[in-house]
Amino acid sequence: MSSLLDQDPVPVLAPRDPSPFAAGLLDKERIIAGPGFNRWLVPPAALAIHLCIGMAYGFSVFWLPLSKALSTAGTGATTCAKEIGFFAELFARDCDWRIATLGWMYTLFFVFLGCSAAIWGGWLERAGPRKAGVVSAVCWCAGMLISALGIHVHQFWLMILGSGVIGGIGLGLGYISPVSTLIKWFPDRRGMATGMAIMGFGGGAMIGSPFAVELMKYWATPTSVGVMQTFVVMGLVYFVFMLGGAFGYRVPPTGWTPAGWTPPAAQAGNAMITQRHVHVKRVWGIPQFWLIWMVLCMNVSAGIGVLGMASPMLQEVFGGTLAGVPKKFAALDKTELAAIAAVAGGFAALLSLFNIGGRFFWASLSDKLGRKLTYVVFFVLGGLLYFSIPESAAAGSKLLFVGAFCIILSMYGGGFATVPAYLADLFGTQMVGAIHGRLLTAWATAGILGPVVVGYMREYQLGQGIPREQVYNQTMYILVGMLAVGLLCNLMVRPLADKWFMSDAELAEEKRLAHEKAVAAEAGMGRANARGDATPAVQVWLAWLAVGIPLAWGLYKTLVSAATFFQ
């Protein structure tokens with residue numbers, strides 16, 4: 001990352017400890033920005049990490065190749081029988097893994113993301129985003145390498161340990177690493193700043209999925225599906241990018257504000273925005289925290305439930321009409337099924353674009369509307385759209401059906417990107433990263449609740465003999481109910497009582513523990529920043545190009561895929 005140019009190669013701190021590591025390379029004191037630092041260098045650093053860990057959304061591209069790894073190798077193996085059970089399949093070496101079993105890794109990603117963010121969020125606030133980013137890079141990329149070993153020896157427990165557990169911990173730390181930093185750099189545009197970074201998490205699969213497909217094609221042979229080599233290459237490439245992002249992080253000096261900006265609490269009509277700060281250890285007992293927990297859980301449960309079933313839902317509802325064939329889904333032959341599957345693939349790509357774009361759009365709009373009103377829009381508009389889906393399906397209107405899903409998925413992504421700013425408004429910025437980490441347990445819960453509701457309701461409806469094109473109707477009404485619960489919780493959110501905030505003495509102690517008394521010149525900053533020189537514009541452009549070029553490539557690939565929907 002180009003912002004590495006800021007670093008002084010000679011550590012000037014810590015004569016008390018001669019070891020290079022203790023000299024401050026990863027310490028928070030080391031990364032306090034000096035005068036003249038351009039805050040627009042921080043978002044691309046965050047994007048570099050989020051674009052890598054966001055590949056968690058794209059791991060499904062590996063399931064089909066992995067499900068036939070042994071049979072491709074010519075061993076004569078068949079798919080593991082259901083009768084052997086999940087735990088036996090973890091250690092099975094003579095049968096191919098089932099896709100349903102491989103899907104557990106996807107679930108573990110978000111369970112461990114939420115748990116690790118909750119457990120180590122407080123440590124992150126004191127250690128700083130650089131150290132957290134480096135740990136995230138080590139965990140995420142080492143997890144991919146361990147998974148590659150698991151593929152090589154055909155032991156699924158190694159994949160679970162590698163990408164699922166260790167990689168999931170890296171996901172959690174990487175996801176929250178920039179939140180507090182960006183909010184402090186952009187107090188005037190909190191929503192936009194967090195929206196940019198969290199947009200990267202949504203866009204990670206947009207880059208990683210086609211990249212993985214190209215790598216698997218390159219490494220595939222008549223006896224190998226090429227997934228093991230793909231994991232190794234992607235792990236190494238991601239490690240370079242994530243380290244670049246981690247070393248690009250800077251934190252503002254204590255009390256820094258943008259030139260000419262007036263804190264919102266000093267303006268009229270901003271009772272929901274505080275200038276005080278809540279300690280993370282208190283949030284479990286604060287009613288507003290649990291209300292926002294429910295707000296996020298309901299929004300994500302509804303969105304993630306339909307996200308996982310959007311492609312089969314489109315195919316089952318509209319059947320052969322997607323390919324110009326007036327047949328129900330059950331009457332289609334293999335050729336016709338393949339044709340509508342290609343159209344559904346374009347639909348999934350289209351949804352990913354709205355998921356990504358919504359993260360930036362809605363989070364930025366929340367700077368104008370306010371976070372509470374933005375979530376009111378999510379729940380009211382979302383509820384109306386979910387309610388309309390059975391009607392548009394019955395009318396055979398693909399345009400209304402697809403349009404509703406696109407807006408729904410934009411608000412699903414927007415909910416993730418807006419919530420960090422919502423927390424900063426209510427709980428202050430001092431420990432917002434740690435508080436956000438604890439809130440992400442709502443995501444872990446929703447990652448199980450949403451797919452279970454949609455999946456099991458579908459199976460139940462099919463078991464009742466309901467036609468495939470109607471099996472999702474009741475599910476949509478259940479999701480409307482979830483959004484209604486989220487709306488009520490959001491309307492109940494009020495500013496915090498004084499008793500929840502840290503006293504001046506507590507805040508001063510927390511700032512001391514977070515190393516916020518250091519100044520840039522004493523913290524080993526680069527010589528240019530220590531003198532107060534402005535960051536060269538070319539450095540900012542290079543940083544954005546480093547993340548912009550992969551994003552542009554991923555966007556192109558996604559648009560090409562989405563174009564099939566309109567053909």
Nearest 0.5 Å, please: how far is [atom2] in [Y] from [atom1] in [X]?
X    : Y    : atom1 : atom2 : value
S561 : M206 : OG    : CE    : 12.0 Å
K28  : R130 : NZ    : CZ    : 13.0 Å
E29  : L26  : CD    : CG    : 11.5 Å
R126 : K131 : CZ    : NZ    : 13.0 Å
C406 : F347 : SG    : CZ    : 6.5 Å
L483 : M411 : CG    : CE    : 8.0 Å

Do the side chains of [Y] and [X] get nearer than 4.5 Å, heavy atoms only?
X    : Y    : answer
Q430 : L507 : yes
F37  : W256 : no
F361 : L365 : yes
H436 : I183 : no
F405 : I389 : yes
T558 : S352 : yes
L555 : L353 : yes
D425 : K372 : no

Do the side chain of [X] and the main chain of [Y] share a donor and acceptor less than 3.5 angstrom apart?
X    : Y    : answer
R39  : W185 : yes
H277 : F501 : no
K184 : T254 : no
T418 : G191 : no
Y375 : G415 : yes
N38  : W40  : yes
T445 : T441 : yes

What's the shortest heavy-atom distance between [X] and [Y], and which atoms?
X    : Y    : answer
P258 : D188 : CG-OD1, 3.9 Å
C141 : M242 : SG-SD, 4.1 Å
S180 : E125 : OG-OE1, 3.3 Å
P44  : A543 : CB-O, 3.6 Å
L113 : L171 : CD1-CB, 3.9 Å
L440 : A117 : CD1-CB, 3.9 Å

**Message:** Does W362 form a side chain to side chain donor-acceptor pair (under 3.5 Å) with T374? I'd like the steps, not just the answer.
**Reply:** CA-CA 8 Å; W362 290 109; T374 301; over 6 Å; no
Without hydrogens or angle criteria, can the side chains of [X] and [Y] be said to hold a donor-acceptor pair below 3.5 Å?
X    : Y    : value
S177 : Y249 : yes
H279 : E506 : no
R371 : S366 : yes

**Asked** Hey, is D367 close enough to R190 for a salt bridge, meaning N to O under 4.0 Å?
**Response** no
**Asked** With under 30° as parallel and over 60° as perpendicular, where do the rings of F201 and W443 fit, or are they tilted in between?
**Response** perpendicular
**side chain to side chain contact (heavy atoms under 4.5 Å, CB included), paired with V42, selected from V251, L182, L47** = L182
**Atom OH of Y556: over 12 foreign heavy atoms under 6.0 Å** = no
**Pair V61-M55, side-chain contact (heavy atoms from CB on, under 4.5 Å): steps then yes or no** = CA-CA 10 Å; V61 300; M55 180 53 190; 4.2 Å; yes
**Asked** Yes or no on ring pair (Phe, Tyr, Trp, His ring centres under 6.0 Å) for F109 and W140, after CA distance, side-chain angles and deciding distance?
**Response** CA-CA 11 Å; F109 279 151; W140 178 243; 5.7 Å; yes
**Of W293, W500, W290, the residue whose pairing with W284 passes ring pair (Phe, Tyr, Trp, His ring centres under 6.0 Å)** = W290
**Asked** Checking side-chain contact (heavy atoms from CB on, under 4.5 Å) for the pair L400/E391: CA distance, chi angles, key distance, verdict?
**Response** CA-CA 9 Å; L400 292 177; E391 300 301 321; over 6 Å; no
**Evaluation steps, side-chain contact (heavy atoms from CB on, under 4.5 Å), between Y175 and I198** = CA-CA 8 Å; Y175 189 86; I198 293 174; 3.5 Å; yes
**Request:** Output, in order, the C-alpha distance, side-chain angles, deciding distance and verdict of side-chain contact (heavy atoms from CB on, under 4.5 Å) for V295 and F378.
**Result:** CA-CA 10 Å; V295 164; F378 290 164; over 6 Å; no
